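Note that the coordinates shown come from a computational prediction; the quantities given were computed from them, not determined experimentally.
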Amino acid sequence: FCRELCDNTDITVTQLIQDDISCLHNYSLSVRQVKTAEQAQTIVISGGGLEDFMQDLLAQQGCIIDASTGLDINHDEHAEELGHDHNGCDPHFWLSPTHAKHMAENICNGLIAQYPEYDETFHRNLAILQHKLDQLLDYGNQQLTGLSCRKLITFHDGFSYFAEAFDLTIIKSMEEESGSEASASELKELIQLQQQHGIPAVFIEQNGSVSAANILRAETGVKIYKLDMAISGEDYLAAMYRNIDTIKEALG
């Protein structure tokens, strides 16, 4: 969003984290990343506790723009058991196009406060970006109307906002990380849920663990599809359109 909002200005935008990762749980900045952040005039964060791992660094910076300000943030029921604090919040709100529009506006307002000379350019770029997000939401609603199944089992707990945006229901989400693999009782529950609701597919995160999903596939024949958290260096809109198409293919 920052790059699009700063288009046609002299502001240089650098994405601090570009790794292909599942999420930022337990992430550690490299020396190069720390230096980049220290040299920045302005740092834009997603917010909601997502950047807790760099809290000390942020405390030393002069201008922080929190894109999550004013958002209705969901509770993260798995945060404590997995050590993902995030202040008990689910910080993956950018996966809702509606929330993404709000985030873009927050960033725009913050940039205007810092660089008032680009006020008109920021507002013009915001209008273009929000139009693209409206188109994304419309596309998702059109493509995901009339699905044979609207219930999801996901192997990452970050897709609640995406599901809400498109009237889908996550009946079970399981966060798998090293040392927190699914237990036998959890796997049994997953099999029962899949069979009870007739769910034809389950969803793993693009860079996440596949072990439990593979066991579920072996036991039930359910298909496995990948969803993207849209958190890496790739274009946000491309990742989101691909997620919508994946849901359509899996549950259509």
Side-chain angles (χ1 to χ4, degrees), residues 1-18 23-24 27 33 36-37 40-55 57-76 79 84-138 140 158-166 228-240 243:
F1 293 172
C2 292
R3 285 196 181 96
E4 294 201 38
L5 289 170
C6 292
D7 192 28
N8 294 316
T9 73
D10 292 330
I11 300 171
T12 299
V13 177
T14 301
Q15 184 171 331
L16 190 61
I17 300 171
Q18 301 182 36
C23 205
L24 297 179
Y27 189 85
Q33 289 170 319
T36 298
Q41 291 181 333
T42 303
I43 295 181
V44 179
I45 64 172
S46 182
L50 187 71
E51 292 88 0
D52 282 351
F53 65 92
M54 53 186 291
Q55 197 169 37
L57 177 62
L58 293 175
Q60 303 172 26
Q61 300 306 115
C63 178
I64 307 295
I65 300 174
D66 187 339
S68 70
T69 301
L71 283 178
D72 184 13
I73 300 177
N74 295 339
H75 176 70
D76 184 354
H84 306 161
D85 186 11
H86 302 322
N87 298 316
C89 297
D90 178 353
H92 308 94
F93 24 74
W94 63 86
L95 289 171
S96 160
T98 302
H99 284 354
K101 286 183 64 178
H102 186 103
M103 295 174 74
E105 185 173 359
N106 281 340
I107 296 170
C108 181
N109 290 336
L111 290 172
I112 289 171
Q114 285 297 109
Y115 312 99
E117 65 272 26
Y118 295 120
D119 185 306
E120 291 186 9
T121 302
F122 289 142
H123 274 117
R124 184 166 56 250
N125 290 341
L126 176 64
I128 294 170
L129 176 56
Q130 291 197 325
H131 178 65
K132 292 178 180 179
L133 292 169
D134 283 335
Q135 290 179 314
L136 172 66
L137 185 61
D138 289 343
F159 293 104
S160 65
Y161 297 102
F162 180 88
E164 290 174 2
F166 299 110
D228 194 329
M229 290 297 296
I231 200 173
S232 65
E234 189 189 10
D235 177 73
Y236 166 83
L237 289 170
M240 289 292 288
N243 283 341

> So Phe122 and Asn109, side-chain contact (heavy atoms from CB on, under 4.5 Å) or not? Walk me through it.
Replying inline: CA-CA 9 Å; Phe122 289 142; Asn109 290 336; over 6 Å; no

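- Considering CG of Leu133 and CZ of Phe1, their distance stands at 5.0 Å, rounded to 0.5 Å.
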>> Before you tell me yes or no, could you show the steps for Leu136 and Tyr236 under side-chain contact (heavy atoms from CB on, under 4.5 Å), namely the whole-Å CA-CA distance, both residues' side-chain angles and the distance that decides it to 0.1 Å?
In response: CA-CA 11 Å; Leu136 172 66; Tyr236 166 83; 4.2 Å; yes

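- Trp94 approaches Met229 most closely through the heavy-atom pair NE1-O, 2.7 Å.
- When atom types are taken as modelled, the side chain of Asp119 and the backbone of Ile112 share no donor-acceptor pair closer than 3.5 angstrom.
- Here the closest heavy-atom approach between residue Pro91 and residue Gly48 is recorded as CB-O, 3.5 Å.
- Scanning all heavy atoms of the two residues, the minimum distance from Ile65 to Gly110 falls at CD1-C, 3.4 Å.
- Remark: side-chain polar atoms of Gln61 are paired, donor with acceptor, to backbone N or O of Ala37 under 3.5 angstrom.
- Looking only at distances, no side-chain donor or acceptor of Gln55 sits under 3.5 Å from a matching main-chain atom of Glu51.
- A pairwise comparison of heavy atoms in Ala165 and Pro97 identifies CB-CD, 3.9 Å as the closest pair.
- Closest of all the heavy-atom pairs between Ile17 and Phe53 is CD1-CZ, 3.6 Å.
- Identified under the salt bridge (Lys or Arg N to Asp or Glu O under 4.0 Å) test for residues 57-68, with sequence neighbours left out: none.
- The CD1 atom of Ile73 sits 9.0 Å away from the CG atom of Asp90 when rounded to the nearest 0.5 Å.
- Rounding to the nearest 0.5 Å places OG1 of Thr98 at 5.0 Å from CG of Leu137.
- Atom CG of Leu126 and atom NZ of Lys101 lie 9.0 Å apart (nearest 0.5 Å).
- Residue Tyr118 is tested with Leu111, Leu5, Asp10 for a side-chain contact (heavy atoms from CB on, under 4.5 Å); the sole match is Asp10.
- In this structure the side chain of Asn125 never reaches within 4.5 angstrom of the side chain of Glu4, judged on heavy atoms.
- To the nearest 0.5 angstrom, Gln33 atom CD is 10.5 Å from Gln15 atom CD.
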>> Applying side-chain contact (heavy atoms from CB on, under 4.5 Å) to Ile45 and Met54, what does each step give before you reach the verdict?
In response: CA-CA 10 Å; Ile45 64 172; Met54 53 186 291; 5.5 Å; no

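- Residues Ala67 and Ile107 approach most closely at CB-CG1, 3.8 Å, considering heavy atoms.
- Tyr115 is listed as a side-chain neighbour of Thr42, based on a closest heavy-atom distance under 4.5 Å.
- At most 12 heavy atoms of other shown residues, nucleotides or ligands fall within 6.0 angstrom of atom CD in Glu120.
- When the shell of 6.0 Å around CD of Gln41 is examined, it contains 12 or fewer heavy atoms from other residues, nucleotides or ligands.
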>> Under the criterion side-chain contact (heavy atoms from CB on, under 4.5 Å), I'd like the reasoning laid out for Arg124 against Thr121: C-alpha separation, chi angles, the key distance, then a yes or no.
In response: CA-CA 5 Å; Arg124 184 166 56 250; Thr121 302; 3.5 Å; yes

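- Note: Glu105 CD to Thr69 OG1 = 11.5 Å, rounded to the nearest 0.5 Å.
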